[in-house]
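Below you'll find the structure, written out as structure tokens, and then a few comments.
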Amino acid sequence: MSTSEQKKIFVTRRIPPEGQKLLSQADSYNVKQWDSDEPIPRDELIKGVVGAHGLLCLLSDKIDQEVLDAAGPNLKVVSTLSVGFDHLCVEEIKKRGIRVSNTPNVSTEATAELTVALLLTTCRRLPEAIEEVKNGGWKTWSPMWLCGAGLSNSTVGIIGLGRIGLAVARRLVPFGVKRFLYTDFQEIPDNAKEINAEYVSNDKIAEDSDFVIVNCCLTPETEGLCNKDFFRRMKKTAILINTSRGPVVNQEDLHDALTSGQIAAAGLDVTTPEPIPTDHPLLSLKNCVILPHIGSATLDARNAMSVLTVNNLLKGLAGEPMPCEVKL
Ligand code: DGY
């Protein structure tokens, strides 16, 4: 078949090896790829997507009306290599009858591990401690030096008790957490039962938790949920962890809360924007630990995500059920 008869797939980045291998076997398609580990520039995305039937994108690619218009009426499937799909303009995609898929499940354990790692790193002040060893600040053993907060007997509040929230809570049980609270769009009794979690309001989660962990998806309802009012309600000793999406937390309000002693510390794997500018005020705070969105960054998880993304795309283009189709 000549390339003019083949359906076109446009891929916005090099993807992990296992998915890349699968893609290279899709020889009945005309696959075009932005062959780089760097994000595709916007103008290249607009050019590359023209006439595509399938689009494989990443969470750093904003798929909006302009991109959809550039793609034109051929476009049938958008397959994102991520669980979150807040970078896709879902309303417009739905209007055009385009199918969407994502990669849930395969990165749950990796993201939950990273969340617990970030929680322990933040509450036991590990970056500060490592820095003190390197800069000669370690003079002697000292009773109160670098004391942090422990998880044993604590109350943990989870915002979003879905797959990842539950996987985080499961890992925290052996640390001796006394009480789990959660909020979500609605009660999730099966998940809550497993860890004996109470469904509470946002106010209550802020007021009662020693550690608040954000694992929800970004929607208009959750955007800015952790704001001035939320921080004002939190305990002065409490710690906030966010491994979902940056905009769930109002960063200006967080900065105020961290510098005024309203809350003790924060650990963020996600920020607004990403990457966070190196001169951002949050980066100068000792009580704020920031990671570069590495929740799912294990080799296994990233390979599995890439395979699932390609499988979703190929099934969608064949008009078959996709392993993980997002219900729009
Ligand atoms: C996702 O999948 O949405 C994460 O944020 C990156 O793995």
Side-chain angles (χ1 to χ4, degrees), residues 11-20 37-40 55-64 77-90 93 100-119 158-168 171 184-185 213-223 225-226 240-249 251 266-276 289-313 322-328:
V11 182
T12 63
R13 190 99 64 100
R14 261 181 225 143
I15 61 172
E18 290 184 16
Q20 198 65 56
D37 295 323
E38 301 301 319
I40 185 167
L55 173 62
L56 191 161
C57 65
L58 274 62
L59 58 83
S60 46
D61 306 316
K62 197 167 172 43
I63 307 303
D64 55 13
V77 183
V78 175
S79 180
T80 181
L81 195 152
S82 60
V83 182
F85 51 90
D86 47 277
H87 53 298
L88 311 179
C89 62
V90 169
I93 287 178
V100 170
S101 60
N102 67 343
T103 61
N105 304 316
V106 292
S107 58
T108 303
E109 310 304 323
T111 307
E113 265 174 29
L114 190 280
T115 305
V116 173
L118 180 56
L119 171 60
I158 298 185
I159 299 182
L161 192 64
R163 284 179 303 267
I164 296 173
L166 180 61
V168 170
R171 283 163 173 74
D184 211 307
F185 298 110
I213 303 180
V214 183
N215 285 127
C216 58
C217 43
L218 174 63
T219 66
E221 292 77 32
T222 61
E223 185 165 359
L225 190 151
C226 298
L240 175 85
I241 301 296
N242 183 12
T243 54
S244 68
R245 285 292 184 265
V248 178
V249 173
Q251 283 176 187
L268 312 174
D269 182 43
V270 286
T271 58
T272 313
E274 292 186 2
I276 190 165
V289 179
I290 302 191
L291 301 178
H293 202 151
I294 53 167
S296 63
T298 66
L299 289 175
D300 285 351
R302 289 285 168 85
N303 267 317
M305 288 167 75
S306 69
V307 168
L308 181 53
T309 310
V310 175
N311 276 331
N312 278 331
L313 182 66
M322 296 194 274
C324 295
E325 181 157 1
V326 175
K327 302 229 175 321
L328 298 179

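Just follow the structure's listing: the first ligand is 1, and inside any ligand the first atom is 1.
- Atoms CD1 and OG1, on Ile294 and Thr243 in that order, are 11.0 Å from each other to the nearest 0.5 Å.
- Between the OG1 atom of Thr12 and the CD1 atom of Ile63 there is a distance of 7.0 Å, given to the nearest 0.5 Å.
- No more than 12 heavy atoms of other residues, nucleotides or ligands shown are found within 6.0 angstrom of CG on Leu299.
- At a heavy-atom cutoff of 4.0 Å, ligand 1 is surrounded by Leu59, Ser82, Val83, Gly84, Arg245, His293, Ser296, Met305.
- If you take CD1 on Ile241 and CG on Leu118, they are separated by 4.5 Å, rounding to the nearest 0.5 Å.
- Ion pairing between Arg245 and Glu274 fails under the 4.0 Å rule for side-chain N and carboxylate O.
- Remark: the Ser82 side chain and the Asn102 side chain contain no N/O donor-acceptor pair separated by less than 3.5 Å.
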